[in-house]
Q: 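Quick one: the structure is below, and I'll ask about it shortly.
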Amino acid sequence: MMVFYNGKILDLENVAVSPFDRAFQFGDGVYEVIRYYPKIFFEYESHLDRLKSSLKKIEISFTAFEDVESVLYELIQKNNLEDQLSIAYIQISRGNQFPRRHFYNENLEPSIFICVEKYPAKVNEMKNGVRVGLEEDIRWMRCDIKTTSLLPNVLSKQRAIKNGLAEIIWHRNGFITEGTQTNVCFIENSELITPPLSNLILPGITRGIVLRLCEKLGIRFTERDIKLSELNVFDEILLLSTTAEVTPVIELDGNIINGRVPGSICKSLQSEYQKLYNTENR
Ligand code: PDD
């Protein structure tokens, strides 16, 4: 497997990461996951903008962005993935620092790692829907930063998988925030409702696309806080992310949604979303 690390495309076996990389010791880094639909990286500019914004928020001064897009395509080609649905993972860490100290030296050289991986569409989940759980959101107060510090996400996701669930939706102080890897939205009387952007959720690229699609399709939408106590009124619940695209929830915390049948708003959003990457490909 060919990967990119600090300026070079290398065989994975030849990558040497220091144990003093601050992402390794402190989770002191940020990342992006981008979809490759043959032959394009979908919404590349939006992911790049969010990466830059995450870096700024934690004051990592990485500037060598010019090469990133060409590296992505080169990795796809070198790993023979041109015709395969794939994902790219980009991680930028604050850099190596010895001895280990919580505070950082402001002159560190950030490290960048990029890899690509074959990642088929979750066809069954998107078509038939998924079961999800509910848990309290115990994360820090800067969930708008796409940081590699993901322990609460890891633990919740692990519990989900153990319980045969696809995802956990979190709530904080009685309000819905997001999933461990997804944004979430709800449909009531043909209106789409999603939590507003704030420090409590990631500004998802898919969320942004779906809101634009609502405008295009004439689906009313509101960004507002959603109370836990409201959950039983919704006709549809959707998970949104780069890899999940638009995935219907058919069971939430043991409660059946819409008779376990993906709803009509879900289906129209899915087909419009697919048109976007199919058109871009032509
Ligand atoms: N996850 N919220 C969280 C906590 C996420 O980790 C993600 C993405 C999203 C959706 O964002 P987007 O639409 O930009 O993919 C929301 C990525 C895919 C991951 O870590 O796997």
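Note that the numbering runs from 1 along the sequence shown for the chain. When a ligand or atom number is given, it counts from 1 through the structure's own listing order.
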Q: Which bit of I205 is near ligand 1, meaning a heavy atom under 4.0 Å away: side chain, backbone, both or neither?
A: both
Q: Would you mind listing which atoms of ligand 1 come within a distance below 4.0 Å of any non-hydrogen atom of T242?
A: 12 (P), 13 (O), 14 (O), 15 (O)
Q: Determine whether any heavy atom of E32 lies closer than 4.0 Å to an atom of ligand 1.
A: no
Q: E178 to ligand 1: N or O pair under 3.5 Å?
A: yes
Q: Go through the structure and list residues passing salt bridge (charged side-chain N to carboxylate O under 4.0 Å, His left out) with R35, not counting sequence neighbours.
A: none
Q: Do any nitrogen or oxygen atoms of Q181 come within less than 3.5 Å of a nitrogen or oxygen of ligand 1?
A: yes
Q: Do ligand 1 and R139 have nitrogen or oxygen atoms that lie under 3.5 Å from each other?
A: no
Q: With only distance considered, is R50 within less than 3.5 Å of ligand 1 through an N or O on each side?
A: yes
Q: Compute the ring centroids of F42 and Y273, then answer whether they are less than 6.0 Å apart.
A: yes
Q: With sequence neighbours excluded, what pairs up with Q25 under the side chain to side chain contact (heavy atoms under 4.5 Å, CB included) test?
A: F20, R100
Q: Taking only non-hydrogen atoms of P203, do any sit less than 4.0 angstrom from ligand 1?
A: no
Q: Just heavy atoms, cut-off under 4.0 Å: does T180 contact ligand 1 by side chain, backbone, both, or neither?
A: backbone
Q: In terms of hydrophobic clustering (I, L, V, M, F, W, Y; side-chain heavy atoms under 4.5 Å; direct or indirect links), are Y73 and L75 co-clustered?
A: yes
Q: Provide, to 0.1 Å, the distance between atom 20 (O) of ligand 1 and the closest protein heavy atom, together with that atom's residue and name.
A: Y31 OH, 2.8 Å
Q: Run the salt-bridge test on K146 and E32 with the 4.0 Å N-O cut-off and return the result as yes or no.
A: no
Q: Give me the nearest non-hydrogen protein atom to atom 13 (O) of ligand 1 as residue plus atom name, then the distance to 0.1 Å.
A: T206 OG1, 2.6 Å
Q: Considering the heavy atoms of G179, write down every atom of ligand 1 situated less than 4.0 Å from one of them.
A: 4 (C)
Q: Please determine if T243 has a nitrogen or oxygen closer than 3.5 Å to a nitrogen or oxygen of ligand 1.
A: no
Q: Can you confirm whether L192 sits close enough to I187 that some side-chain heavy atom of one is under 4.5 Å from a side-chain heavy atom of the other?
A: yes
Q: Residue-level breakdown please: for L150 versus ligand 1, do any non-hydrogen atoms fall below 4.0 Å on the side chain, on the backbone, on both, or on neither?
A: neither
